[in-house]
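Data block below; observations after.
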Amino acid sequence: MKKETQIISDYYTDKIATHGLTPEGVDWNGKESQYLRFDQLFKLLPEDGASCADIGCGYGAFADYLAEKGRGDIEYRGYDLSQAMVDQAKNEHPKSAEAF
């Protein structure tokens, strides 16, 4: 029997393989709901400097969101159970691949 973490990893590995670098690829129903979540998380960050551990980072879409908001001052680290997700995040963010 597979461990729960392996089941979760396999599930999201399949999602990213099927849907690519899209909200659906991380099991969101679309960009609107993904950004609604990001907007709520963003409200929790202090205005000056911060660190963010993005657990379940997928392909790093929240890092992109932070950049769009002009928050390059945030020390971002992304973690995911799916190695395929981490690999995609590193490919999408080559200048900060060490963040994943």
Side-chain angles (χ1 to χ4, degrees):
M1 179 181 278
K2 287 185 179 180
K3 287 183 168 183
E4 288 181 26
T5 54
Q6 187 61 52
I7 293 168
I8 294 167
S9 174
D10 291 349
Y11 178 83
Y12 284 101
T13 296
D14 180 61
K15 286 289 181 185
I16 197 79
T18 301
H19 300 285
L21 304 180
T22 65
E24 293 82 0
V26 288
D27 208 21
W28 287 94
N29 64 6
K31 190 168 183 170
E32 185 176 319
S33 66
Q34 185 182 43
Y35 269 61
L36 178 62
R37 172 183 169 253
F38 291 167
D39 288 340
Q40 297 309 309
L41 290 170
F42 187 75
K43 290 177 184 178
L44 299 173
L45 297 172
E47 290 184 26
D48 293 339
S51 62
C52 174
D54 187 0
I55 310 301
C57 67
Y59 56 88
F62 189 57
D64 295 330
Y65 173 91
L66 293 173
E68 289 171 17
K69 292 288 191 179
R71 291 301 308 269
D73 62 317
I74 294 174
E75 183 183 334
Y76 175 91
R77 296 287 300 174
Y79 304 91
D80 205 286
L81 288 175
S82 167
Q83 187 60 48
M85 290 287 188
V86 172
D87 293 343
Q88 289 293 338
K90 288 179 177 182
N91 287 338
E92 282 298 297
H93 305 90
K95 291 183 180 176
S96 57
E98 71 282 350
F100 299 95

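Just so it is clear, the values below take in all heavy atoms, side chains as well, and ignore hydrogens, waters and symmetry mates.
Residue pairs meeting the ring-ring contact (aromatic ring centres under 6.0 Å, His included) criterion with at least one member in residues 62-88, sequence neighbours excluded, are Y35-Y65, F38-F62, F38-Y65, F42-Y65, F62-Y65, Y76-F100. Contacts classified as salt bridge (Lys or Arg N to Asp or Glu O under 4.0 Å) and involving residues 67-78 (residues at least two apart or in different chains) are given here: R71-D73. The ring-ring contact (aromatic ring centres under 6.0 Å, His included) contacts involving residues 12-34 comprise nothing, where partners must be two or more places apart or lie in separate chains. Residues in residues 83-92 take part in no salt bridge (Lys or Arg N to Asp or Glu O under 4.0 Å) pair, two or more places apart or across chains. Sorted by first and then second residue, the salt bridge (Lys or Arg N to Asp or Glu O under 4.0 Å) pairs involving residues 49-58 (not counting sequence neighbours) form an empty list.
I16 meets the side chain to side chain contact (heavy atoms under 4.5 Å, CB included) test with L21, Y59, A84, M85, Q88; sequence neighbours excluded. Not counting sequence neighbours, the partners of T18 by the side chain to side chain contact (heavy atoms under 4.5 Å, CB included) test are D14. In this structure, D48 has no side chain to side chain donor-acceptor pair (under 3.5 Å) partners at least two apart in sequence or on a different chain. For T13, the side chain to side chain donor-acceptor pair (under 3.5 Å) partners two or more places apart in sequence, or in a different chain, are S82. Scored by the side chain to side chain contact (heavy atoms under 4.5 Å, CB included) test, Q40 finds L36, K43 as partners (sequence neighbours excluded). Remark: D10 engages K2 in a salt bridge (Lys or Arg N to Asp or Glu O under 4.0 Å) (not counting sequence neighbours). Residues satisfying the salt bridge (Lys or Arg N to Asp or Glu O under 4.0 Å) test with K15, not counting sequence neighbours, are D27.
Contact record, A89 with G60: CB-N, 4.1 Å, taken as the closest heavy-atom pair. Residues N29 and E24 come closest through the heavy atom pair O-OE2, 3.5 Å.
With rounding to the nearest 0.5 angstrom, the CG atom of L81 is 6.0 Å from the CD1 atom of I8.
Annotation for E4: atom CD does not count as buried by contact number, only 12 or fewer foreign heavy atoms lying within 6.0 Å.
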